[in-house]
Amino acid sequence: MTLKLCVLTPNRIIWDSEVDEIILSTNSGQIGILPNHTPIATAVDIGILKIRLNGQWVTTALMGGVARIANNEITVLVNDAEKGSDIDPQEAQQTLQIAKNNFQKARGKRQKIEANLALRRARTRVKAINIIS
């Protein structure tokens with residue numbers, strides 16, 4: 001038995017296929033989802049979506065949103081997402097370094113919040129690459 005996974009951003013479809021299992025980063029921690037999972041709706045955190053497909057694990061960097069699980073169907077609506085295999089490692093490391101520098105330079109509450117979010121996004125992209133390496 002499999003799960004139907006659909007990962008959507010405002011601009012495109014990231015995933016739309018059958019999968020064996022997923023591990024989803026939510027605002028209250030990671031949850032594993034197998035066939036016949038209890039129906040839930042949850043907030044999705046900035047983090048990694050791990051997908052087991054044909055015995056192999058693949059990753060997708062998610063940038064926050066919501067997920068609905070019911071009847072072996074998972075719909076994940078996120079602000080942005082990127083498959084780990086599509087991320088350029090050099091560009092991701094450069095973006096992470098820039099985000100770290102901007103975080104250190106941030107002044108004022110708003111600037112610190114924005115810099116922290118950018119840093120979390122950059123770390124997630126690097127993590128998505130390193131998990132599959």
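Nearest heavy-atom pair, Ile48 versus Ala61, reported as atom, atom and distance to 0.1 Å: CD1-CA, 4.5 Å. Nearest approach of Leu62 to Ala81, heavy atoms of both residues: CD2-CB, 3.8 Å. Arg125 and Ala92 get closest at one heavy-atom pair: NH1-CA, 3.8 Å. Across all non-hydrogen atoms, the minimal contact from Pro89 to Ile129 is CA-CD1, 3.6 Å. Across every non-hydrogen atom of Leu3 and Pro35, the tightest pair is CD2-CA, 3.6 Å. Shown here for Arg120 and Asp45, the closest heavy-atom pair between the two residues is NH2-OD1, 2.7 Å.
In this structure, the separation between CD on Glu82 and OG1 on Thr9 is 11.0 Å, given to the nearest 0.5 Å. Note: Ile40 CD1 to Ile33 CD1 = 5.5 Å, rounded to the nearest 0.5 Å. Rounded to the nearest 0.5 angstrom, Thr60 OG1 and Leu5 CG are separated by 8.0 Å.
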Working for side-chain contact (heavy atoms from CB on, under 4.5 Å), residues Asn116 and Lys112: CA-CA 6 Å; Asn116 183 49; Lys112 288 180 182 180; over 6 Å; no
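With Thr59 contributing its side chain and Ala128 its backbone, the two residues share a donor-acceptor pair below 3.5 Å. Using modelled atom types, one side-chain atom of Asn79 and one backbone atom of Met63 make a donor-acceptor pair closer than 3.5 Å. No donor-acceptor pair under 3.5 Å is formed between the side chain of Thr75 and the backbone N or O of Cys6.
Contact annotation: the side chain of Arg68 never approaches that of Val76 to less than 4.5 Å [non-hydrogen atoms, C-beta and beyond]. For the pair Asp88 and Gln93, the minimum side-chain heavy-atom distance is 4.5 Å or more. Trp57 is listed as a side-chain neighbour of Ile23, based on a closest heavy-atom distance under 4.5 Å.
Not a single salt bridge (Lys or Arg N to Asp or Glu O under 4.0 Å) links Glu73 to another residue, sequence neighbours left out. Partners of Thr26 by side chain to side chain contact (heavy atoms under 4.5 Å, CB included), not counting sequence neighbours, listed by chain and number: Leu24, Ser28, Ile31, Thr42. In this structure Asn36 satisfies the side chain to side chain donor-acceptor pair (under 3.5 Å) test together with Asn72, sequence neighbours excluded.
Other cluster members for Leu34: none, since no ILVMFWY side-chain heavy atom sits under 4.5 Å from it.
When each of Leu77, Asp16, Val78 is paired with Leu8, the side-chain contact (heavy atoms from CB on, under 4.5 Å) condition holds for Leu77 and for no other.
Cluster membership for Ile69 and Val44, using ILVMFWY side-chain heavy atoms within less than 4.5 angstrom, is shared. Follow the hydrophobic side-chain contacts under 4.5 Å out from Val19 and you reach Ile14 in the same cluster.
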Distance-only donor-acceptor hits, side chain of residues 95-105, under 3.5 Å, sequence neighbours excluded:
unit_1	atom_1	unit_2	atom_2	d
Thr95	OG1	Glu91	O	2.9
Thr95	OG1	Glu91	OE2	2.9
Gln97	NE2	Asn101	OD1	3.3
Asn101	ND2	Gln97	O	3.4
Asn102	ND2	Ile98	O	3.4

Would you mind writing out the side-chain donor-acceptor pairs for residues 49-56 within the sub-3.5 Å range, not counting sequence neighbours?
unit_1	atom_1	unit_2	atom_2	d
Arg52	NE	Glu21	OE1	2.9
Arg52	NH2	Glu21	OE1	3.3

